[in-house]
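So that the names make sense, note that chain A is the first sequence line, chain B the second, and so on, each numbered from 1. Everything quoted here is computed from the prediction, not taken from an experiment.
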Amino acid sequence: MAPVPRLTLPDGTHVELPEGEPVGAVLAPDALAARVDGTLRDLSFVPAGDASVEPVAPGSDDALRILRHSTAHVLAQAVCRLQPGASYAIGPPIQDGFYYDFDLPVAIGEGDLPAIEAEMRTIVEDDQPFLREEVSREDAIARLEGQPFKREIIESIGSAEGEVATGDRVSLYRNDGWVDLCEGPHVPSTGRLGAFTLTSTAGAYWRGLETNPMLTRIYGSAWATQEDLEAHLSRLEEAEKRDHRRLGRELDLFSSPDELGPGLWIWHPRGGIFRKELEDWVRNLHVERGYDLIVTPHIARSVLWETSGHLEKYRENMYPPMEADTGDYYVKPMNCPFHVLVYKSQVRSYRDLPMRLSELGTIYRHEKAGTLHGLLRIRGGTQDDSHIICTPDQVIDEILAVFDLTLEIHRTFGFTDPVVELSTLPVAQSIVDADTAERATEALTLALEKSGLDYRVAEGEGAFYGPKVDFHFRDALGRLWQLTTVQCDFALPERFDMEYTGDDNQRHRPVMIHRAILGTLERFSAVLIEHYGGAFPLWLAPEQLRLVPVADRHVPNCEELAGTARASGLRVHVDETKETVGKKIRAAQLVKSPYVVVVGDRDLDAGTFTVRDRSGEEHQGVPFDRIVSTLAEEARTRALGQSAF
RNA sequence: GCCGGAGUAGCUCAGUGGCAGAGCAACCGCCUCGUAAGUGGUAGGUCAUGGGUUCGAAUCCCAUCUCCGGCUCCA
């Protein structure tokens with residue numbers, strides 16, 4: 001007779017499990033699953049012998065994943081009830097929720113989601129147990145007859161490396177006669193689910209391959225409690241309020257009229273002043289850091305792009321050529337070839353190096369139509385693009401200096417704690433030989449090690465001409481944005497036959513570092529708008545001070561005060577509309593004007609004013625010259641918070 | 001590019017085969033006001049574009065353009 005299994009609980013105590021009893025029998029009733037000897041299992045799992053057992057408590061990350069996965073099953077079951085001929089593919093838990101992919105006899109849209117959700121609720125009310133069975137592959141295929149995707153998965157299991165199951169047996173989960181191939185584990189029964197909602201539908205290729213059939217994906221969100229779900233939904237609402245496309249319109253910053261073409265944007269006066277401030281600052285900072293400013297055109301002959309390799313490797317992202325009297329011209333998708341030409345305009349010596357060539361270069365990329373997204377994914381944009389051309393000995397120090405500048409720039413906006421990623425060369429489509437790629441990767445790795453930054457490696461994610469280091473920063477809502485990219489390039493110097501004379505009087509090949517710290521200004525602006533929710537720090541605010549006359553007769557007083565403030569470099573708006581003070585305050589608040597000063601008899605008599613900031617807080621009795629000097633100082637220091645007076 | 005949805009006044013939207021609508025914004029008055037919407041009026045439209053069905057189309061059909069949500073976070 002087999003010995004009774006002895007279970008070790010997380011607190012170190014031991015319990016004996018009566019033979020044939022599942023682990024759930026000894027765990028708290030709120031447990032959703034169990035971790036048995038480190039592996040996630042159903043509560044119904046019966047251990048073969050002694051084991052350590054840990055409950056998967058509600059609210060834990062494991063529990064959330066299981067909950068979401070189980071909810072995905074309920075979704076699939078509901079869809080199959082509503083559309084009996086449906087094939088179901090995969091339905092994993094994801095960030096904040098889950099999805100399931102289907103091939104449906106009848107197409108559905110978002111309007112069909114309430115009906116599906118209602119069906120899901122009845123399944124939850126039924127409190128159907130999730131029953132696990134382990135069967136042979138043949139049996140599994142038989143049980144899932146008419147499910148081509150499941151068949152494909154079953155046949156592929158164990159064949160590719162890293163596949164989940166091994167051996168000939170796979171697991172099925174069944175509730176109420178509906179069967180899915182699934183590794184598990186699941187919650188004990190559907191009654192444990194509930195805090196979920198379906199969010200959207202989408203097309204998704206089977207296994208993500210464009211050559212595969214397009215399936216219908218249904219997305220949902222699921223949480224441990226209704227409160228968590230509601231908190232998530234209000235986070236989405238907050239993100240929507242901060243959407244740069246919406247704020248760009250509301251704050252009158254930019255637009256993309258149809259006549260321009262997709263992915264192209266015009267900046268309005270209020271957006272223009274914001275960009276000017278950003279650009280002036282970033283240019284000056286570069287000059288301070290030893291960069292030289294250059295200017296290059298938007299188009300160039302095809303020969304330039306042949307030499308650079310763009311026509312060979314980057315053509316699909318380039319606008320088609322323009323025919324002209326002197327040959328074919330291409331609009332530039334990158335600035336680097338032009339910077340090479342600046343370098344090559346003279347014979348260079350090691351004394352010229354490092355050369356740090358910088359421009360706000362406007363580029364055009366013919367991005368795939370479906371990938372465009374506001375200012376975040378555009379076809380025309382301006383990069384803070386620089387190329388550092390240096391000797392191999394100087395590479396590491398130059399890269400370190402770029403890292404340093406990167407951190408300084410992002411700190412100015414309140415972005416800290418970057419997530420740093422080293423992307424190695426994409427082997428297949430590179431113009432670089434393995435040896436060169438190795439050298440470039442090594443240089444970046446050495447610089448990263450020396451910088452002390454934590455980083456992770458992404459194999460094969462680099463640019464076609466070289467490996468790169470990317471910096472991602474977290475915004476006010478906790479979202480990560482890839483902003484900075486630093487690329488180490490041994491290929492273009494070769495292709496363009498770039499040279500310098502060394503102190504040995506021999507010719508040498510320089511190294512080129514590509515780097516954009518803000519990325520494109522359009523994209524960066526979008527990130528800033530969402531980060532600040534449109535409430536820019538004073539130095540970037542299109543309007544810095546708004547004066548509100550109490551009555552018409554105070555307009556001249558406001559104009560006079562505005563003149564004083566403007567003389568100190570402040571951007572001031574006087575609200576001359578014939579509205580009530582309350583209405584004018586509201587208008588100022590809606591355009592997120594940082595400071596509002598109401599000007600009436602009381603203030604003019606006293607010679608002091610009440611300053612209202614964005615939070616609505618009022619600072620009383622402030623002389624106007626102090627308002628001006630305080631705001632000027634706030635702008636000068638690029639302060640992130642508002643002044644207290 | 002592909003799947004699904006959408007396109008009506010500057011903005012947000014109603015209108016589902018029978019005269020093109022509302023709120024906000026704009027403009028013109030009245031009010032001269034004290035920290036988030038005072039009040040009356042006026043103007044504003046090729047209902048994305050082109051074709052079709054119909055006595056009749058914003059509405060139904062087709063095509064095109066544009067926008068929105070997505071297109072492995074792998075049972």
Side-chain angles (χ1 to χ4, degrees), chain A residues 65 68-69 72-73 76 88-101 103-104 107-113 140 144 147 149-158 160 162-165 170-173 180-184 199-219 243 245-246 249-250 252 255-263 316 367-374 546 548-555 577-590 596-603 610-613 616-618 620:
Chain A
R65 268 192 298 277
R68 286 167 181 161
H69 189 187
H73 271 236
Y88 39 108
I90 60 167
I94 55 172
Q95 177 85 48
D96 302 331
F98 58 90
Y99 68 79
Y100 216 113
D101 285 346
D103 187 17
L104 298 172
I108 60 156
E110 246 134 78
D112 302 296
L113 294 183
L144 286 160
Q147 291 297 330
F149 303 111
K150 295 296 171 188
R151 186 189 178 105
E152 198 177 319
I153 293 166
I154 293 167
E155 284 168 349
S156 74
I157 288 174
E163 280 291 351
V164 184
V170 296
S171 54
L172 300 178
Y173 276 82
D180 196 1
L181 171 78
C182 182
E183 191 191 13
T199 51
S200 60
T201 61
Y205 298 105
W206 167 235
R207 300 203 153 170
L209 292 178
E210 284 186 38
T211 46
N212 280 344
M214 175 69 70
L215 305 178
T216 303
R217 176 169 297 179
I218 300 177
Y219 281 97
D243 190 306
R245 294 165 298 185
R246 172 183 175 150
R249 189 172 52 240
E250 287 176 359
D252 194 18
S255 61
S256 175
D258 278 359
E259 296 91 318
L260 278 182
E316 60 178 31
E367 301 281 355
K368 282 201 291 180
T371 61
L372 300 176
H373 181 90
R546 180 169 287 212
V548 171
V550 170
D552 288 356
R553 64 177 182 280
H554 303 115
V555 170
T577 58
K578 292 179 177 179
E579 295 292 349
T580 57
V581 170
K583 183 73 172 287
K584 287 185 272 199
I585 296 285
R586 177 178 148 82
Q589 199 82 30
L590 288 176
V596 179
V597 171
V598 176
V599 177
D601 294 333
R602 291 207 306 252
D603 319 281
T610 301
V611 184
R612 182 192 164 101
D613 66 21
E617 192 178 339
E618 294 172 14
Q620 295 180 343

Problem - Residues in side chain to side chain contact (heavy atoms under 4.5 Å, CB included) contact with A:A89, at least two apart in sequence or another chain - result: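 Counting only residues at least two positions away or on another chain, A:A89 forms a side chain to side chain contact (heavy atoms under 4.5 Å, CB included) with A:D101, A:F149, A:W206, A:L215.
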Handout entry: A:E618: side chain to side chain contact (heavy atoms under 4.5 Å, CB included) partners, not counting sequence neighbours
Key =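 If we apply the side chain to side chain contact (heavy atoms under 4.5 Å, CB included) test to A:E618, skipping adjacent residues, the hits are A:T610, A:R612, A:Q620.
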Would you kindly give the [atom1]-to-[atom2] distance between [X] and [N], to the nearest whole Å?
X      : N      : atom1 : atom2 : answer
A:L144 : B:rA75 : CG    : P     : 15 Å
A:E152 : B:rC74 : CD    : C1'   : 12 Å
A:E210 : B:rG70 : CD    : C1'   : 13 Å
A:I94  : B:rC74 : CD1   : P     : 10 Å
A:I108 : B:rC3  : CD1   : P     : 16 Å
A:D101 : B:rC73 : CG    : P     : 12 Å
A:D252 : B:rA26 : CG    : C1'   : 14 Å
A:I218 : B:rU72 : CD1   : P     : 17 Å

Exercise for the section: Select base, sugar-phosphate, or nothing to describe what A:S171 touches, counting heavy atoms under 4.0 Å on all strands. Expected result: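 Base: the residue A:S171, judged by heavy atoms under 4.0 Å, touches a nucleobase.
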Practice task
May I ask you to say what A:I90 touches in the nucleic acid, namely base, sugar-phosphate or nothing, with a heavy-atom cut-off under 4.0 Å?
Solution key: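 Sugar-phosphate contact only - A:I90 comes under 4.0 Å of backbone atoms but never of a base.
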Exercise for the section: Identify the nucleotide, in any strand shown, that forms a Watson-Crick or G-U wobble pair with B:rC60, with both distances under 3.5 Å; if there is none, say none. Expected result: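 Answer to the pairing question: B:rG52, which forms a Watson-Crick or G-U pair with B:rC60.
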Practice task
Find which nucleotide of RNA chain B each of A:M214 and A:T577 is nearest to by heavy atoms, and output the residue with the more 5' nucleotide.
Solution key: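 It is A:M214 whose nearest nucleotide is closer to the 5' end.
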When rounded to the nearest Å, what value does the distance between [atom1] atoms of [N] and [M] take?
N      : M      : atom1 : result
B:rC71 : B:rU64 : C1'   : 24 Å
B:rU32 : B:rG44 : P     : 32 Å
B:rU8  : B:rC13 : C1'   : 9 Å
B:rA26 : B:rA37 : P     : 16 Å
B:rG10 : B:rA25 : P     : 16 Å

Distances under 3.5 Å between nitrogen or oxygen atoms of protein and nucleotides 9-11 of chain B:
| residue | atom | partner | partner atom | Å |
| --- | --- | --- | --- | --- |
| B:rC11 | O3' | A:R249 | NE | 3.4 |

Exercise for the section: Heavy atoms under 4.0 Å is the rule here; annotate nucleotides 33-39 of chain B 5' to 3' with B where the base is hit, S where only the sugar-phosphate is, and - elsewhere. Expected result: BBBBBB-
Practice task
Give the B/S/- string for nucleotides 63-69 of chain B, one per nucleotide from 5' to 3', where a protein heavy atom under 4.0 Å of the base yields B, of only the sugar-phosphate yields S, and otherwise -.
Solution key: ---SSSB
Tell me, please, which residues at least two apart from [X] pass side chain to side chain donor-acceptor pair (under 3.5 Å).
X      : value
A:Q147 : none
A:E210 : A:K368
A:Y173 : A:D42, A:R132

Practice task
Look at the side chain of A:Q95 and decide which nucleotide, out of B:rA75, B:rC2, B:rC73, has an atom nearest to it.
Solution key: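 Among B:rA75, B:rC2, B:rC73, the one nearest the side chain of A:Q95 is B:rC73.
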Practice task
Kindly write out the residues that satisfy salt bridge (Lys or Arg N to Asp or Glu O under 4.0 Å) with A:R246, not counting sequence neighbours, or none if the list is empty.
Solution key: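 Salt bridge (Lys or Arg N to Asp or Glu O under 4.0 Å) check on A:R246 returns A:E250.
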Problem - Partner residues of A:E579 under the salt bridge (Lys or Arg N to Asp or Glu O under 4.0 Å) criterion, sequence neighbours left out - result: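 Only A:K583 meet the salt bridge (Lys or Arg N to Asp or Glu O under 4.0 Å) criterion with A:E579.
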Do [X] and [Y] have side-chain heavy atoms sitting under 4.5 Å apart?
X      : Y      : result
A:V550 : A:D601 : no
A:V597 : A:D603 : no
A:I90  : A:I153 : yes

Practice task
Could you pull out all residues at least two apart from A:H554 that satisfy ring pair (Phe, Tyr, Trp, His ring centres under 6.0 Å)?
Solution key: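 A:H554: no ring pair (Phe, Tyr, Trp, His ring centres under 6.0 Å) contacts found.
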Exercise for the section: Output all residues satisfying ring pair (Phe, Tyr, Trp, His ring centres under 6.0 Å) with A:Y219, sequence neighbours left out; order by chain, then residue number. Expected result: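 Residues passing ring pair (Phe, Tyr, Trp, His ring centres under 6.0 Å) with A:Y219: A:Y99.
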Exercise for the section: Indicate, yes or no, whether a donor-acceptor pair under 3.5 Å links the base of B:rG70 to the side chain of A:Y99. Expected result: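 Such a pair does not exist between side chain and base.
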